[in-house]
Amino acid sequence: MSIVRMSAMFGRTLREAPADADSANHQLLLRSGLIVQLAAGVYSFLPPAWRTLRKIEQIIRDEMENAGSQELRMPAIQPRELWEESGRADSYGPVLFNLKDRRDRTMVLAPTHEESVTDLFRKVVQSYRDLPQSVFQMQTKFRDEPRPRGGLVRVREFIMKDAYTFDVDDDAFQLSYLAMRQAYHNIFDRCGVPVVAVQADSGAIGGKQSEEFIFLTEIGEDNIILCQSCGYAANQERAEFARSDAAGSDGELEEVATPGVATIDDLAAFLDVPASATAKAAFFLVDGDPIFAVIRGDLEVNELKLLTALDGLEIRPLLPEEVEAAGWVAGYASPIGVDPTRVVVDPSIVDGGGLVAGGNKVDVHLRHVTYGRDYTAGVIADIGLAEAGHGCPQCDSALEMQRGIELGHIFKLGTRYADPMDATFLDADGERRTPIMGCYGIGVERLMAAVVQANHDEFGIVWPHAVAPFDVHIVPLGAGDEVAQAVQQVTDALADAGLHVLCDDRDERAGVKFNDADLLGAPLRITIGARGLKDGLVELKPRRASEPSPTPLADAAEAALAAVHASAEV
RNA sequence: CGGGGUGUAGCUCAGCUUGGCAGAGCGCACGGUUUGGGGCCGUGAGGCCGGCGGUUCAAAUCCGCCCACCCCGACCA
């Protein structure tokens with residue numbers, strides 16, 4: 001297929017990792033000379049990295065097409081009006097890169113393509129006969145992230161594979177969704193990255209249900225809640241959990257002096273009751289309104305769940321002066337007497353019986369505060385933050401928590417975009433109907449980072465063959481015609497057999513070459529040196545093997561092919 | 001945007017406390033030696049010490065402002 005001579009390769013390896021790099025994959029990608037940073041969250045991809053990205057793209061393309069999706073291309077530059085039409089100009093606002101064209105029209109660099117694909121649909125599809133449809137693209141996305149981080153994990157310009165399905169109804173949608181779901185498992189398998197599918201919050205994309213494909217790793221930025229017994233898995237953002245038994249006690253409302261006791265821990269210790277016998281108040285600003293959230297003292301509030309429960313767009317904790325302005329006393333706040341439309345309670349409160357809560361006066365709490373009798377809430381909803389040790393919502397076993405990177409996300413959009421953008425079709429009865437949409441994303445560079453993170457050792461990258469930039473790395477040692485001839489013979493044979501060969505023809509010492517070979521991580525290394533050739537031998541060493549195996553020069557190419565194909569099985 | 005940190009040679013970092021000629025290792029170029037896991041010797045190139053302003057006889061060093069990048073939080077593929 002092709003031969004790259006290392007003396008001519010664009011890019012260089014580094015002995016030391018740049019200080020900015022934290023994670024193993026980031027360090028290795030930099031050290032191996034695969035990527036170079038231009039600005040925060042903006043990277044160049046040098047030839048070997050680009051080869052790997054193209055291989056990953058090809059795997060994705062392959063699986064998408066197997067799942068019946070058709071590749072197309074949509075613009076990266078879009079009129080802002082499109083985003084106003086869907087109602088996302090504001091919710092996505094800060095992340096949008098804005099620019100003006102020469103006619104002073106505001107354009108955006110697309111961070112994702114739900115709007116454009118919905119626009120395409122309404123211009124192209126009219127009849128149920130055209131459905132279902134499934135399309136995908138691999139397109140550069142631009143997001144002005146609040147904080148790029150972790151090398152390629154979170155960047156501002158990146159390639160995303162995004163797919164979209166359109167179905168006549170929910171039942172049909174389920175088939176499309178499951179096909180994509182399976183394709184996703186296949187993609188990550190083929191790239192050599194273990195993933196777990198977890199329930200997720202759909203965030204700014206919108207829609208009803210979604211699943212994330214998570215690579216579990218300590219460098220991940222998401223918290224994943226897992227049950228080892230039944231397999232329940234969810235992002236902490238939306239993970240459910242079983243509340244432990246209530247510890248409240250019933251009785252008349254009763255004031256109790258609690259001087260200087262302003263935290264749940266202090267309160268429980270002071271009164272000698274478990275934290276689960278108390279009620280915790282937490283204050284938030286949701287879309288401009290102060291909200292009084294109540295949850296049992298041993299639990300924390302999940303802000304995202306609270307936001308979802310209120311159907312809100314934006315949430316943050318209330319500032320101390322805002323708490324005061326709302327008439328609430330931090331540390332001693334009581335839900336009693338608060339406008340119920342401002343109050344949200346967790347089920348742990350409703351079922352909790354009489355709990356110790358604030359008295360709305362400094363240094364005073366109330367015993368036996370009982371939901372329904374003493375106060376009510378406009379919203380009762382699960383707003384609890386699931387944590388390790390909590391009960392599994394399915395089987396009540398103890399939950400675990402691990403970090404993970406989100407590599408893919410698949411959503412049921414329902415009619416979130418088709419409705420506001422008026423995308424419809426005519427059904428068999430001539431009725432105008434709205435398609436059920438799904439969307440399915442994968443971050444391509446992020447996937448490459450995960451491949452490296454999941455496949456490396458102390459010496460360098462250990463590429464899975466399917467995405468390796470080179471199939472074989474040839475290391476000639478020593479000058480002389482004999483070596484040169486043998487190298488040429490093996491290199492040509494492998495290239496002719498369709499492999500991508502990297503040949504380290506540099507005038508470097510053996511140690512340098514071996515170290516770079518380990519760093520660059522091709523699946524197979526072939527060492528051709530004067531010493532071995534005296535006995536007619538070369539050495540084959542799969543990157544994963546600890547020791548090389550001597551092989552007669554005459555058999556080298558064939559053995560190498562076999563080894564490469566064997567490594568493809570891994 | 002809030003909190004923390006770092007900016008000195010291509011990379012890793014000293015020097016800053018206590019102001020006084022810009023440094024080391026690696027890398028790079030050249031020569032020699034060596035030649036199977038980043039070897040050794042020598043010579044050399046390479047710097048607006050992130051930027052602007054201030055203090056001072058004198059600023060990498062002290063002061064102020066700004067910028068960039070990294071880490072922690074709010075956000076996502």
Side-chain angles (χ1 to χ4, degrees), chain A residues 12-23 26-27 30-31 33 36-42 60 91-95 111-113 138-163 184 200-205 210 212-215 219-222 235 237 284 303-304 307 313-317 319 405-411 439-450 459 475-480 483 506-519 525 527-533 538-539 541 548:
Chain A
R12 63 181 310 106
T13 57
L14 302 172
R15 186 182 292 208
E16 292 168 292
D20 289 349
D22 222 26
S23 58
H26 191 196
Q27 290 184 0
L30 289 169
R31 277 191 58 210
V36 174
Q37 182 175 21
L38 177 63
V42 182
I60 294 173
S91 68
Y92 235 103
V95 172
T112 177
H113 283 76
M138 292 191 243
Q139 161 72 288
T140 305
K141 313 279 180 167
F142 301 88
R143 296 184 182 177
D144 196 0
E145 290 287 342
R147 181 155 98 81
R149 87 181 102 188
L152 297 184
V153 170
R154 181 165 214 77
V155 292
R156 296 192 294 172
E157 171 184 329
F158 63 101
I159 302 168
M160 183 162 97
K161 185 287 297 178
D162 48 325
Y184 268 48
D201 184 88
S202 47
I205 302 291
S210 78
E212 291 170 338
F213 287 77
I214 300 284
F215 165 49
I219 66 161
E221 50 182 359
D222 287 289
N235 193 307
E237 292 171 349
F284 299 92
E303 291 185 24
L304 195 58
L307 185 66
L313 286 177
E314 221 177 324
I315 185 169
R316 64 164 171 82
L319 301 171
I405 296 176
E406 177 190 357
L407 298 180
H409 200 155
I410 61 179
F411 305 79
C439 83
Y440 317 85
I442 291 178
V444 178
E445 294 95 330
R446 182 183 282 187
L447 175 52
M448 179 170 80
F459 304 110
V475 178
L477 292 180
V483 172
R506 298 173 302 170
D507 181 20
E508 287 286 356
R509 298 176 57 82
V512 173
K513 293 189 178 186
F514 286 143
N515 279 309
D516 277 347
D518 287 345
L519 185 56
R525 185 185 83 195
T527 305
I528 301 175
R531 206 165 75 181
L533 284 179
V538 302
E539 285 171 5
K541 181 183 168 299

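Numbered from 1 within each chain, the chains take letters A, B, ... in sequence-line order. Computed from a prediction, not measured in an experiment: that's the story for all the values here.
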Tell me which nucleotide, if any, is Watson-Crick or G-U wobble paired with B:G10 when both distances must be under 3.5 Å. B:C26

Looking at every strand, decide which applies to A:Glu303 at a 4.0 Å heavy-atom threshold: base, sugar-phosphate, or nothing. nothing

Checking A:Ser210 side chain against A:Ala200 main chain: does a donor-acceptor pair fall under 3.5 Å? yes

Do any N or O atoms from the side chain of A:Arg446 and from the backbone of A:Leu407 form a donor-acceptor pair under 3.5 angstrom? no

Go through residues 13-23 of chain A and report each residue with a non-hydrogen atom lying under 4.0 Å from RNA chain B, sorted by number. A:Arg15, A:Glu16, A:Ala17, A:Pro18, A:Ala19, A:Asp20

When we call it a touch if two heavy atoms are under 4.0 Å apart, what does A:Gly480 touch: a base, just sugar-phosphate, or nothing? nothing

Assess the residue pair A:Asp162 and A:Lys141 against the criterion (side-chain contact (heavy atoms from CB on, under 4.5 Å)); give the C-alpha distance rounded to whole Å, side-chain angles, the decisive distance to 0.1 Å, and a yes or no. CA-CA 10 Å; A:Asp162 48 325; A:Lys141 313 279 180 167; 2.7 Å; yes

B:C66 and B:G73, which share atom name C1', separated by this distance in whole Å: 25 Å

Minimum-distance pair of heavy atoms, taken over all atoms of A:Val155 and A:Gly41: CB-O, 3.2 Å

Note: A:Ala21 and A:Gln27 closest approach over all heavy atoms is O-NE2, 3.2 Å

From CD1 of A:Ile405 over to C1' of B:C76, roughly how many Å is that when rounded to an integer? 13 Å

Suppose you measure atom P in B:G4 against the same atom in B:A58; what distance do you get, rounded to whole Å? 34 Å

A:Tyr184 side chain vs A:Gly441 backbone, donor-acceptor pair below 3.5 Å: yes

Between B:G51 and B:G5, how far is it from one P atom to the other, in whole Å? 22 Å

Hey, which of these two, A:Gly478 or A:Leu304, hits RNA chain B nearer its 5' end, going by closest nucleotide? A:Gly478

Paired nucleotide for B:U61 [Watson-Crick or G-U wobble; both distances under 3.5 Å]: none

Distance-only donor-acceptor test (3.5 Å): side chain A:Arg525, base B:G37: yes

Could you work out the separation of B:U6 and B:A14 based on their P atoms and round it to a whole Å? 10 Å

Tell which nucleotide pairs with B:U17, taking only Watson-Crick or G-U wobble pairs whose two distances are both under 3.5 angstrom. none

Could you state the atom-to-atom distance from CD of A:Glu237 to C1' of B:G73 in whole Å? 14 Å

If you only use heavy atoms from C-beta on, which nucleotide in B:C76, B:G37, B:U35 is closest to the side chain of A:Glu221? B:C76

Stacking check: are the rings of A:Phe158 and B:A77 less than 5.5 Å apart at their centres and under 30 degrees in tilt? yes

Taking only N and O in the side chain of A:Arg147, is any of them less than 4.0 Å away from OP1 or OP2 of B:C71? yes

At under 4.0 Å between heavy atoms, what does A:Gly511 touch on the DNA or RNA strands: base, sugar-phosphate, or nothing? sugar-phosphate

In whole angstrom, give the distance that lies between atom CG of A:Asn235 and atom C1' of B:A74. 15 Å

Got a donor-acceptor contact below 3.5 angstrom from the A:Glu145 side chain to the A:Arg156 backbone? no

When rounded to whole Å, the NZ to P distance for the pair A:Lys513 and B:G39 reads 14 Å

Can you list the residues that meet the side chain to side chain donor-acceptor pair (under 3.5 Å) rule with A:Arg149, with sequence neighbours excluded? A:Glu221

Could you check which nucleotide pairs with B:G31 in any of the strands shown, counting Watson-Crick or G-U wobble with both distances under 3.5 Å? B:C41

A:Leu477 near the nucleic acid: base, sugar-phosphate alone, or nothing, with a heavy-atom cut-off under 4.0 Å? base

Whole-Å distance, A:Glu145 CD to B:C70 P, equals 13 Å

Quick note, A:Asp222 side chain, CB onward, closest among B:G37, B:C76, B:G38 is B:C76

How far, in whole Å, is B:G37 from B:G32 if one measures between their C1' atoms? 24 Å

Quick one, A:Arg531 with A:Leu477, criterion side-chain contact (heavy atoms from CB on, under 4.5 Å). Give me CA distance, side-chain angles, the key distance, then yes/no. CA-CA 9 Å; A:Arg531 206 165 75 181; A:Leu477 292 180; over 6 Å; no

Under 3.5 Å donor-acceptor, A:Lys161 side chain and A:Tyr440 backbone: yes

Whole Å only: how far is the NE2 atom of A:His113 from the P atom of B:C76? 18 Å

So which atom in A:Ala450 and which in A:Phe215 form the shortest heavy-atom distance, rounded to 0.1 Å? CB-CD2, 3.7 Å

How far does the C1' atom of B:C49 sit from the matching atom of B:A68, given to the nearest Å? 16 Å

Need one value for A:Gly408: base, sugar-phosphate or nothing, where a base atom within 4.0 Å counts as base even if backbone is also close, heavy atoms only. sugar-phosphate

When all nucleic acid strands are considered with a 4.0 Å heavy-atom cut-off, which category describes A:Asp516: base, sugar-phosphate, or nothing? base

With both distances under 3.5 angstrom, what nucleotide forms a Watson-Crick or G-U wobble pair with B:G36? none

Look at the side chain of A:Arg31 and the base of B:G38, then say whether one donor and one acceptor between them are separated by less than 3.5 Å. yes

Could you tell me how far B:G27 sits from B:A22 if I compare only their P atoms? Round to whole Å. 27 Å

For B:G73, what is the paired nucleotide under Watson-Crick or G-U wobble rules, both distances under 3.5 Å? B:C1

Over all strands shown, is A:Val444 touching base, sugar-phosphate only, or nothing at heavy-atom distances under 4.0 angstrom? nothing

In terms of heavy-atom contacts, A:Gly478 and A:Val483 come closest through O-CG1, 3.6 Å

Can you check the A:Leu519 CG to B:C26 P distance for me, whole Å? 19 Å

Using the 3.5 Å cut-off, write out each protein N or O paired with an N or O of nucleotides 28-30 of chain B and the distance between them.
none

Look up atom CZ in A:Arg147 and atom CZ in A:Arg154, then write down how far apart they are to the nearest 0.5 Å. 9.0 Å

Do A:Arg149 and B:C71 have a side chain to base donor-acceptor pair shorter than 3.5 Å? no

Any-strand Watson-Crick or G-U partner of B:C49, both distances under 3.5 Å: none

Distance check, C1' atoms only: B:C13 and B:G19, in whole angstrom units. 22 Å

Rounded to whole Å, please give me the gap between CD1 in A:Ile219 and C1' in B:C71. 14 Å

